[in-house]
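Reading through the structure tokens given below for one structure.
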Amino acid sequence: MDSIGFWLSPLLLLPGAALLILSTSIRFNRLHDEVHHQMDQEHSPSKEVIDHLLLRARYFRNALVFLYSSISIFAVAGIIGGLTSGWDEVSTVLTIGLTVIGIIFISAASIILIKESSLLLKIIESHTKELNEEK
């Protein structure tokens, strides 16, 4: 691969990371709505539901931090790759190294989002259990 290909590679990953940020932000907003919905209920939610909602909020925050960081790393990798494109060996090592770090951050965010999804299932199970007990 030529030097242009190396410094463009991290920039090609930006749209995928941006889509993850968009979907995670939307889910985070839905969680915010759920917290307000719980606050407006006549009966207060169980401590377990409140704890799960707070943990989900932390998961979303952490995932977004990793995703935003990966975007920054990909951008820096592209800039460094472009600026050092005349020095093939240095450019390749720096660009590939930063791209790998960005991919690790996206992977970490994905793992956090998987944990959040599992926690959401626990909340749904808790809500449905409460609904069944009321009937």
* Structure fact -> Interatomic distance, CG@Leu120 vs CG@Leu53, rounded to 0.5 Å, equals 9.0 Å
* Asked: So do the side chains of Val100 and Ile104 get within less than 4.5 Å of each other, counting heavy atoms only?
  -> yes
* Mind checking what makes side chain to side chain contact (heavy atoms under 4.5 Å, CB included) contact with Asp51, not counting sequence neighbours? -> Lys47
* Asked: To the nearest 0.5 Å, what is the distance between CG (Leu31) and NE2 (His36)?
  -> 10.0 Å
Per-pair distances, 0.1 Å, donor-acceptor, side chain in residues 60-79, under 3.5 Å, sequence neighbours excluded:
from  : atom 1 : to    : atom 2 : distance (Å)
Asn62 : ND2    : Arg58 : O      : 3.4
Ser69 : OG     : Val65 : O      : 2.8
Ser70 : OG     : Leu67 : O      : 2.7
Ser72 : OG     : Tyr68 : O      : 3.3

* **side-chain hydrogen bond (donor to acceptor under 3.5 Å, both in side chains) pairs, two or more places apart, involving residues 105-121** => Arg27-Glu116, Arg27-Ser117, Arg56-Glu116
* Asked: Could you give the distance from NZ (Lys129) to CD (Glu48), rounded to the nearest 0.5 Å?
  -> 7.5 Å
* Give a yes or no on whether the backbone of Leu20 and the side-chain of Ser23 come within a donor-acceptor separation of less than 3.5 Å. => yes
* Side-chain donor or acceptor of Thr128 paired with backbone N/O of Glu125 under 3.5 Å -> yes
* Asked: Rounded to the nearest 0.5 Å, how far apart are CG of Leu19 and CG of Leu14?
  -> 11.0 Å
* Does the side chain of Thr95 reach to within under 4.5 Å of the side chain of Pro10, using non-hydrogen atoms? -> yes
* Asked: When rounded to the nearest 0.5 angstrom, what distance separates OG1 in Thr99 from CG in Leu94?
  -> 10.5 Å
* Asked: How many angstroms lie between OG1 in Thr24 and CG in Leu113, if you round to the nearest 0.5 Å?
  -> 4.5 Å
* Would Ile26 and Val35 show up in the same hydrophobic cluster when neighbours are defined by side-chain heavy atoms closer than 4.5 Å? -> no
